[in-house]
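The structure displayed is predicted, hence computed values, not measured ones. Note that these values count all heavy atoms, side chains included, but never hydrogens, waters or copies made by symmetry.
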Amino acid sequence: MAKSYADVQNGEGSGSFGWCNLIVKFFLVAVNIIVWLVGTALLGIGVFIQLETESDERISGLGLDSFLSNPAIILIIFGVLLFLLGFCGCFGALFEISYLLIFYAGALTLLILAEIGVVLWIYLDRDRAYDTVDQTLQRNIINYFDDVNLRDLIDLFQSQFIRCCGINRPNDWELNIYFNCSSIAFQRCSVPFSCCRLEDGDVINVQCGYRTLDITNDQRHMQGIYTQGCLTRVRDLIDDNIIVIAGVGIGLLVFQVVNVMLSVSLAVDVRREVRIFKAYKKRQQQH
């Protein structure tokens, strides 16, 4: 008498594609739907910004300078990566496609290794990492008026996120030919309005940074602006919150490793079920 599908399963391994695998499956689907949507949103925003500003001519390469100086490209790159990662994880788990699951696990593993590599590089060679960021930010200050994307990003970080001015101090803005005190431009010896301190409810005055770098003007010199550089402030924030940052980083790393393990486990079980089903069909044909 022909064996049933359950008999073939019992002969090939332990149990069937049960509740545990279903939980893993829908967990991976839920997580990667979120990743997929976030990636789609970032990609859409990045493409929209790039098309609106028509700044393609400023992208002359794929080096670190181009990557850090154009927010549209940053959004597009991260959006594509998250979109592909979320797509493979979601559809691989939902439709039980083992190849997509293996690709997802491999890509996520590479991402984890890249994250660990960056953290180790920053920790072991902090001075060089600091100098690399410092040099990139110097070029961004020099190009402040040349790219509206770059200008908006710098202003956003200085006024809202970090609340700082310049790289290490406000005088870093003299690297820009318009803000340099030797310039004949109207903005000489000034800083962007995003350097200005604002209280809640204050109306932005775009001329508030006028002549604040002029050491001969006692009434304007360093008045009403942030005096701490952005890179210096970021380093201070990291030092003050290192335990929280380390905890979040370790938690994210563990979460990613768990996703890799679950996706590999699901892929193995899917292949096993396919093998069992093929064995069952073969035995059915023999009888």
Tell me if the [atom1] atom of [X] is crowded by more than 12 foreign heavy atoms within 6.0 Å.
X: Tyr99; atom1: OH; answer: no
X: Ile215; atom1: CD1; answer: no
X: Ile243; atom1: CD1; answer: no

For the residue pair [X] and [Y], what are the closest heavy atoms and their distance?
X: Arg233; Y: Ile162; answer: NE-O, 2.6 Å
X: Ile142; Y: Asp146; answer: O-OD2, 4.2 Å
X: Pro170; Y: Thr227; answer: CD-O, 3.4 Å
X: Asn21; Y: Leu266; answer: O-CD1, 4.1 Å
X: Tyr226; Y: Leu198; answer: OH-N, 4.3 Å

Any residue meeting side chain to side chain donor-acceptor pair (under 3.5 Å) with [X], in chain and number order, not counting sequence neighbours:
X: Asp131; result: none
X: Asp125; result: Arg128
X: Ser98; result: Arg271

Considering only Ile, Leu, Val, Met, Phe, Trp and Tyr, and joining two whenever side-chain heavy atoms are under 4.5 Å apart, list the other residues clustered with [X].
X: Phe186; value: Tyr210
X: Val119; value: none
X: Val244; value: Val248

- Message: Quick test of your reading: applying ring pair (Phe, Tyr, Trp, His ring centres under 6.0 Å), list the pairs with at least one residue in residues 139-172, sequence neighbours left out, ordered by first then second residue.
- Response: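 For residues 139-172: Tyr144-Trp173, Phe145-Tyr178, Phe145-Phe179, Phe157-Phe161.
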- Message: Main chain of Leu237, side chain of Asn241: is a donor-acceptor contact present, judged purely on distance under 3.5 Å?
- Response: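 Yes: the side chain of Asn241 pairs with the backbone of Leu237.
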Path from [X] to [Y] over hydrophobic side-chain contacts below 4.5 Å:
X: Val264; Y: Phe103; answer: no
X: Tyr123; Y: Leu252; answer: no
X: Leu85; Y: Leu253; answer: yes
X: Val257; Y: Val268; answer: yes
X: Phe83; Y: Phe91; answer: yes

[X] side, atom [atom1]; [Y] side, atom [atom2] - distance, nearest 0.5 Å:
X: Asp239; Y: Ile245; atom1: CG; atom2: CD1; result: 8.5 Å
X: Thr232; Y: Asp172; atom1: OG1; atom2: CG; result: 8.0 Å
X: Lys25; Y: Ile23; atom1: NZ; atom2: CD1; result: 13.0 Å
X: Arg139; Y: Ile141; atom1: CZ; atom2: CD1; result: 12.5 Å
X: Asp127; Y: Asp134; atom1: CG; atom2: CG; result: 11.5 Å
X: Asn168; Y: Gln228; atom1: CG; atom2: CD; result: 10.0 Å

Ignoring hydrogens and angles, write down the donor-acceptor pairs under 3.5 Å from the side chains of residues 27-46, residues two or more places apart or on other chains.
from	atom 1	to	atom 2	distance (Å)
Asn32	OD1	Tyr104	OH	3.2
Asn32	ND2	Leu28	O	2.7
Asn32	ND2	Tyr104	OH	3.4
Thr40	OG1	Trp36	O	2.8

- Quick one: disulfide bond (SG atoms under 2.5 Å apart) partners of Cys88, sequence neighbours excluded?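 Result, disulfide bond (SG atoms under 2.5 Å apart) vs Cys88: none returned.
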- Message: Test of understanding: with disulfide bond (SG atoms under 2.5 Å apart), list the residues that count as partners of Cys196, not counting sequence neighbours.
- Response: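 Cys196 satisfies disulfide bond (SG atoms under 2.5 Å apart) with Cys208 only.
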- Verdict with reasoning, Cys230 to Cys165, per disulfide (SG to SG under 2.5 Å): CA-CA 6 Å; Cys230 295; Cys165 187; over 6 Å; no
- Going by the side chain to side chain donor-acceptor pair (under 3.5 Å) test, which pairs reach into residues 109-119, not counting sequence neighbours?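 Those involving residues 109-119 are Glu115-Gln256.
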- If a pair satisfies side chain to side chain donor-acceptor pair (under 3.5 Å) and one of its residues is in residues 181-197, list it, with sequence neighbours excluded.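 Passing the test, one end in residues 181-197: Asp155-Ser194, Gln158-Ser194, Asn180-Ser182.
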- Message: By the definition side chain to side chain contact (heavy atoms under 4.5 Å, CB included), identify the one residue from Leu82, Ile77, Leu84 that meets it with Val80.
- Response: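 Considering Leu82, Ile77, Leu84, a side chain to side chain contact (heavy atoms under 4.5 Å, CB included) with Val80 is found only for Leu84.
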